[in-house]
Amino acid sequence: MAFHKTEQTYERPNFLDSEVGLVLKTREIPQSMGKDQDNRKIVAGGTPFPSNDSSAAGIVFETIDVTDDEKRPGSVIVAGRIIKANLPVTLDGGAETALKALGIVFV
């Protein structure tokens, strides 16, 4: 007996400037970070983690569907080179300062 699940994907611009110096850590992405998109809760790659303020501790690496889970493991960028203009959200000043202190360089 076969089970099939159809998933819709979304094209997003690349926000990584370089893989050199890229550091990823696994974190639990909460459902509360998800935005409604086609009856799903989606956390887009490039979203500040855990929030877009001075408590930002990284940037979500890949788009994650958190519809079915309260928390879902995902990769978070904690150091590396990011193209700021290609992020899906405009960074808050406090978030940008916190992320720069971690080792994220914006170009």
Side-chain angles (χ1 to χ4, degrees):
M1 186 172 188
F3 294 96
H4 297 282
K5 181 178 179 183
T6 303
E7 292 188 18
Q8 184 172 359
T9 59
Y10 300 93
E11 188 87 19
R12 302 218 189 264
N14 177 32
F15 58 85
L16 288 179
D17 182 55
S18 174
E19 65 191 32
V20 176
L22 184 65
V23 178
L24 303 172
K25 298 288 182 182
T26 303
R27 300 287 186 254
E28 287 185 337
I29 310 298
Q31 191 179 53
S32 61
M33 284 183 64
K35 303 281 189 239
D36 290 325
Q37 191 172 38
D38 297 328
N39 297 324
R40 308 295 295 169
K41 285 270 199 188
I42 305 293
V43 179
T47 302
F49 173 84
S51 59
N52 192 6
D53 57 21
S54 60
S55 67
I59 296 175
V60 176
F61 181 61
E62 295 177 307
T63 299
I64 300 170
D65 184 345
V66 292
T67 306
D68 302 323
D69 304 300
E70 196 167 310
K71 291 184 179 179
R72 185 150 188 115
S75 296
V76 174
I77 301 168
V78 295
R81 296 177 56 83
I82 303 295
I83 302 170
K84 184 177 167 183
N86 288 354
L87 292 174
V89 296
T90 303
L91 283 178
D92 177 73
E96 187 172 347
T97 302
L99 293 171
K100 283 180 179 177
L102 290 173
I104 293 178
V105 177
F106 294 102
V107 293

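Following chains of ILVMFWY side-chain contacts shorter than 4.5 Å, one cannot reach I82 starting from V23, and the two form parts of different hydrophobic clusters.
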Quick one: side chains of residues 25-36, donor-acceptor pairs under 3.5 Å with protein atoms, not counting sequence neighbours, listed by atom name and distance.
residue, atom, partner, partner atom, Å
Q31, NE2, V66, O, 3.0
Q31, NE2, T67, O, 2.8

Please table the atom pairs, donor to acceptor, closer than 3.5 Å between any side-chain atom in residues 83-105 and protein atoms at least two apart or in another chain.
residue, atom, partner, partner atom, Å
K84, NZ, E96, OE1, 2.8
K84, NZ, E96, OE2, 3.2
N86, ND2, N14, O, 2.7
D92, OD2, G94, N, 3.0
E96, OE2, K100, NZ, 3.3
T97, OG1, G93, O, 3.0

Run the side-chain donor-acceptor check on residues 74-81: report pairs under 3.5 Å with partners two or more places apart or on a different chain.
residue, atom, partner, partner atom, Å
R81, NE, D17, OD2, 2.9
R81, NH2, D17, OD2, 3.1

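Closest approach of F15 to F61, counting heavy atoms only: CZ-O, 3.4 Å. Taking each heavy atom of A56 and S51 in turn, the nearest pair found is CB-O, 3.5 Å.
In this structure, CG on D69 lies 13.5 Å from NZ on K41, to the nearest 0.5 angstrom.
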